[in-house]
Every structure is written in structure tokens, then in C-alpha cells.
Amino acid sequence: MIDLEIPLKVRTRAYRFFEMVPGIISWGSIILLIVLSLLNPLLAGIYVLLIIVTLLIKAAGIAYHTLAGSRRINQAQKVDWHSRLMDLTDPEASYARIHANPTRELGQKAHAENLRLMAAAPTSYPKPADVYHAVIIATYNEAYEVLQPTIESVVNGTFDPKQIILVIAYEERGGRAIEGTVKQLRNEYAHRFKALEIVQHPKDLPDEVVGKGANITYAGQYLAKWLTRQKIDHKDVIVTTLDSDNRPHKTYFDYVAYEFIVRDDRKHLAFQPVSLFLNNIWDVPAPMRVIATGNSFWNIISSMRAHTLRNFASHSQPMEALVEMDFWSKRTIVEDGHQYWRSWFYFGGKYEVVPIYVPIYQDAVLSDTYVKTLKAQFVQLRRWAYGASDVPYVATRVFTRKRNVPFWAGFTRLVRLLDGHVTLASVSIIVTFGGWVPLFINSEASRSVAANQLPEVLSVLQRIAMIGIIISVFLAFKMLPPRPSRYKRHRTIGMILQWFLMPVTAICYSSFAAFYSQTRLLFGRYLDKFDVTDKATVGTIDAKKESAKG
């Protein structure tokens, strides 16, 4: 049996070394700039230019994938995924109908091919009526006003809710209030689903860090036993994990069920929607809007690069696979991204994440006050950046004679993982300040023509990079939900001006959060507690203010 667990206390020397690698490289890239500036300003300039040129090449790909991804998402949302799913009930008749009346709808040719293959081997594929969705909603102490719309979005989708088992996984440490909330929700919605179960995760269980992974794993183990008692085959169940503020697109569950049925090796698959942080985008402060929109764009881009796609936030995976793997890791605060590596190594590299081109809408960070919101945003980003803790997990399983995956497949994935975390930490700082460092710390640089021209060259390159920001502004407006009536039209002006904050948010939030997490790993000061992101709404904030007045 392969060991999938992250060490909790004692690390091997190799594991400890690879924990240090992201921080060493990230800090080393900044230190190298300073050292080169002291020794030879020309070399420092070449170093900075190489980084910026590399970034511009990546930016061109990012711009293309952002535009293409936005178009794909718009098209996918127009597809009647429920009808396509129902076509699989009688693939032979459906194929004949579509073959006789072809359309130009997104994926119609692939749909016809799927029907043809199913008609040729009907016993190899499950029927839509046999497939169940199990939805685990993880919550800590979120208010009814946060959780209720999430359940509404599930029950009001196009997939039959009588084929959905809803599990609300709540924490004992969340207190009595959350217990009352989930019981109220069970009373209101149990009759709408196949079943609605509430599962309390006990606090202080052994072999766990305080985090979402332990909560949903406990709920998943409960669900597995429940399914067995109900005589529902694990092979026919798709498990989706949602955060308390998630709103799946109305066709999401039909879309996932469709992809699950038509693919042969379904046990070795996960299904990844596009997370868009737009639920409350009009309500949050400008820095949070920039960060939320940027994160949404990155998820759109990731969906277009299927070969590098990883589990993130909410995703779906077959119950059969989860039971074999004992669900998610209970030893990390970033169980979503880690689930990719856990699955990839468990299945010996035979694991794929399938993009689902419809959104799951999530909240941008919002707390009771402006200052609390700024702090909460940093806390969220440092948790995401702690995904660098996967570097030693992957490296020690690749650089060993006992590896169960192809070496080069593992090595290339490790390089991409490491590059992503180092880039997140250091590149924004080097791009912003790299051209001035030689002039500030080396007096000889002021007499060097090359060193004096470097800031001007960088300025030209930065203006070229503005094209990407213009594209972002354009797409951001297309993605925005309608402006709430409580806001005047001048709020829209702020949605444009906010983009001037991008360099500030990139450094003060993204870079600093990455450096924070990597430095903790570097010195062995591990993050072993999941800091729950504030999920306030305008309604809950107003209610607290009224309560305080009373």
C-alpha cells in the first residue's frame, strides 16, 4: 500500500531539504540581483531583462488563454447540458437524431461521437438515471445568509435534486450557532434532495491539523457508510466539495455527470470547474476586487491548459476513488491542490483533471471592517501560497528508486510546481524595482550608460505589458454581475480606476504572502491551522451594526 501521508512531525533529511528549496530560490533570486548590482551592474541589468522578457513571453500566452477561455466559458454556459445528459439514456436514438440534424453548438461533434461509441458498447457506460451526485458543503461558523444561497444554487440547478445527496460538514469547534444553522437548513431543505445529512466533525482528533481536509474527510467516511446502507454503488457516485459561499452554475452537475459517463477511465478522473470570485464583487474594497478578478482570470487561464490543470477549491471526484484513497489529506491546510498530487501518486501517474467550462461562483474576501478585510485577504493568500509545501511531497516521491510514476513525467510536474511558487514570490518585485537597484546600491552604476538606460528600457517593456491590463479591464467588465441598486453609477468608475492598484496588490499581497509561506517552510515553522476566510455579506454586516447599536 502506497504511503500518501504528509509527515506531521519528524521529517527525513531529504524531505526537510526540499521544504527549504522554494524559499531558497525565491530569496536567492532577490539576493542575486543585489549581488550582481554590487559586482557588475551590466550583469544585473541582463539578469533583470531576461526575467522580464521571459515574463512577457508568458504574458502573451496568458492574454491569449484569457480571451480564449472567456469565450469557451460563455459558449459552455449556453449549452443545454441537461439535454445532452438525457441523450445518453438512449445513445443510439440520440445519435440518429443528431446525425440527421447537425448543429454548430459547442462540442456537438464530440457529443455525436460519444453517442456513437456508447451505442456500440452500451453495457460499458452507466446510465444517467443511475448516477448520483454527493455534495459536501464544508462550513465552520458561517451565517445562514452565507450557506442558504449555496444550497439554493444546488437545488435549483438543472440536475434532478432527487439524485443529489447533500452533506453539510460542520465543525464542533464552530460552536452552537453553526449547529443551529445547519439543523435549520436540514429542516428547510431535506425534502428537496435524495437525502440531506449533517455531519459534525469532532475537534482535536489525533493525526489531524486544524483544516478543511479533516472536516470533509470525516464527512466523506460517513457518506461512504451511508451509501452502503442505502445499497448505492460507490461506482455510481460523484462527490463534489463546496465551500460555504460557493454557487455552482445551474448546469454544473449535469455537465459533470455527462463527462463522467462518456469517459472510459472515470475512476482516475477529477472534474474542475472555473472558480470565479464574483458573488460580492461590487461590495468589497478596491484592492480585494483587483485580487479577486486576477484570481478569476488565472482560473480561466488554467482551464485552457488541460495538461497542467490541478485541483483547486471546489472540484468533483468519483466516490470509488476517494474511498480507495481514504478521501483527502488531514495533514495540510491546502487539501484542494494537494489532492491532485495525492491522487496522481496513488494511481501511479494515471490521473487526469478534466476542465468543466462553467463557473462555480465564490465570494471575494469581505469582513466587518475595511482593516479586517485587508488582513483577511492576506491570510487567505498566504494559505494558498502554502501550496509550496507540496514541493517536498512531490520531490521525495520522484527522486527515489521506489517511485511508482514515470520519472520525467514527475520531474516536469515538479519543475512547473516549483516555478509557479518562485514566480509568485519574486518576479513582481524584480520587475518593479529591478531596474533601479543597481543605481541605488552601486555608485559606479551611475556612470554606466547601460545601467542608466535600464530603467528606461524597463519602462518601455512595462508599457507593452499594459496591453494585458487593458484586456483584463475589458474582460472584467464583461464578467461583472449586474450592479446592485444600492450603488450609484459612479461605482462603475471605481471598477476602472481600481486597476492602478495592480502593482501594489501584486507585491503587498501576492509576493509578500508567497514569501511569508515559503519562509515559514524554510525555517520549519509550519502552518498547521486553517485560517477560515471571512465570508461576510452586506446583510450580515448590517445586522451586526444594528445589533451593536442595540
Side-chain angles (χ1 to χ4, degrees), residues 1-6 124-126 131 133-134 136 212-213 216-217 220 224 234-241 252 255-275 299 302-332 334-357 360 387-400 402-421:
M1 181 68 179
I2 184 173
D3 180 15
L4 294 177
E5 297 303 330
I6 299 171
S124 300
Y125 301 87
V131 173
H133 278 287
I136 300 176
K212 175 185 168 186
I216 59 178
T217 291
H234 293 172
K235 292 181 179 180
D236 295 330
V237 180
I238 311 164
V239 180
T240 299
T241 58
Y252 175 74
Y255 192 165
V256 171
Y258 176 88
E259 293 289 350
F260 172 79
I261 290 172
V262 300
R263 293 174 181 265
D264 294 325
D265 198 13
R266 56 189 66 88
K267 186 173 81 169
H268 298 151
L269 300 175
F271 305 92
Q272 182 62 56
V274 182
S275 296
N299 290 327
S302 299
S303 71
M304 297 300 294
R305 304 170 68 209
H307 66 291
T308 62
L309 189 58
R310 305 286 181 263
N311 301 107
F312 173 75
S314 300
H315 57 274
S316 303
Q317 198 168 352
M319 186 70 179
E320 182 184 14
L322 290 171
V323 170
E324 283 190 24
M325 299 166 52
D326 198 17
F327 300 92
W328 300 270
S329 174
K330 299 181 287 185
R331 297 184 176 186
T332 178
V334 282
E335 89 300 325
D336 51 353
H338 181 70
Q339 183 68 0
Y340 173 84
W341 302 111
R342 186 177 169 88
S343 303
W344 196 69
F345 284 108
Y346 180 82
F347 291 118
K350 196 176 181 181
Y351 176 72
E352 180 186 354
V353 180
V354 178
I356 300 295
Y357 295 105
I360 283 187
S389 59
D390 282 331
V391 169
Y393 184 89
V394 177
T396 53
R397 284 163 172 76
V398 170
F399 296 117
T400 175
K402 297 179 180 179
R403 65 178 167 270
N404 69 329
V405 297
F407 174 78
W408 287 111
F411 180 74
T412 54
R413 282 167 171 77
L414 174 62
V415 170
R416 289 194 199 105
L417 175 66
L418 185 57
D419 174 67
H421 286 287

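Atom set for the values below is all heavy atoms of this structure, side chains included, hydrogens, waters and symmetry mates excluded.
Listed by chain and residue number, nothing satisfies the side chain to side chain donor-acceptor pair (under 3.5 Å) test with T396 (two or more places apart in sequence, or in another chain). With sequence neighbours excluded, the residues forming a salt bridge (Lys or Arg N to Asp or Glu O under 4.0 Å) with D419 are K58, listed by chain and number. In this structure K330 satisfies the side chain to side chain donor-acceptor pair (under 3.5 Å) test with no other residue, sequence neighbours excluded. A search for salt bridge (Lys or Arg N to Asp or Glu O under 4.0 Å) contacts involving R263 returns E259, not counting sequence neighbours. With sequence neighbours left out, the side chain to side chain donor-acceptor pair (under 3.5 Å) criterion links Q339 to Q317. With sequence neighbours left out, the side-chain contact (heavy atoms from CB on, under 4.5 Å) criterion links D336 to F312, A313, H315, V334. A search for side-chain contact (heavy atoms from CB on, under 4.5 Å) contacts involving H338 returns I6, S329, T332, R342, D390, Y393, not counting sequence neighbours. Taking R266 as the reference, nothing meets the side chain to side chain donor-acceptor pair (under 3.5 Å) condition, with sequence neighbours excluded. For P406, the side-chain contact (heavy atoms from CB on, under 4.5 Å) criterion is met by A409, not counting sequence neighbours. With sequence neighbours left out, H268 forms a side-chain contact (heavy atoms from CB on, under 4.5 Å) with D265, F347, K350. For Y258, the ring pair (Phe, Tyr, Trp, His ring centres under 6.0 Å) partners two or more places apart in sequence, or in a different chain, are W81, H111.
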| field | Y351/Y340 under ring-ring contact (aromatic ring centres under 6.0 Å, His included): CA gap, chis, key distance, verdict | value | CA-CA 8 Å; Y351 176 72; Y340 173 84; 5.6 Å; yes
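Using a 4.5 Å cut-off on side-chain heavy atoms (C-beta onward), I216 and E335 make contact. No side-chain heavy atom of H234 sits less than 4.5 Å from a side-chain heavy atom of E324. For the pair F345/V405, a side-chain contact is recorded, criterion being any heavy-atom separation below 4.5 Å from C-beta on.
Ring-plane geometry between F407 and F411 is classed as parallel, the angle between the planes falling under 30 degrees on a 0 to 90 degree scale with a further cut at 60.
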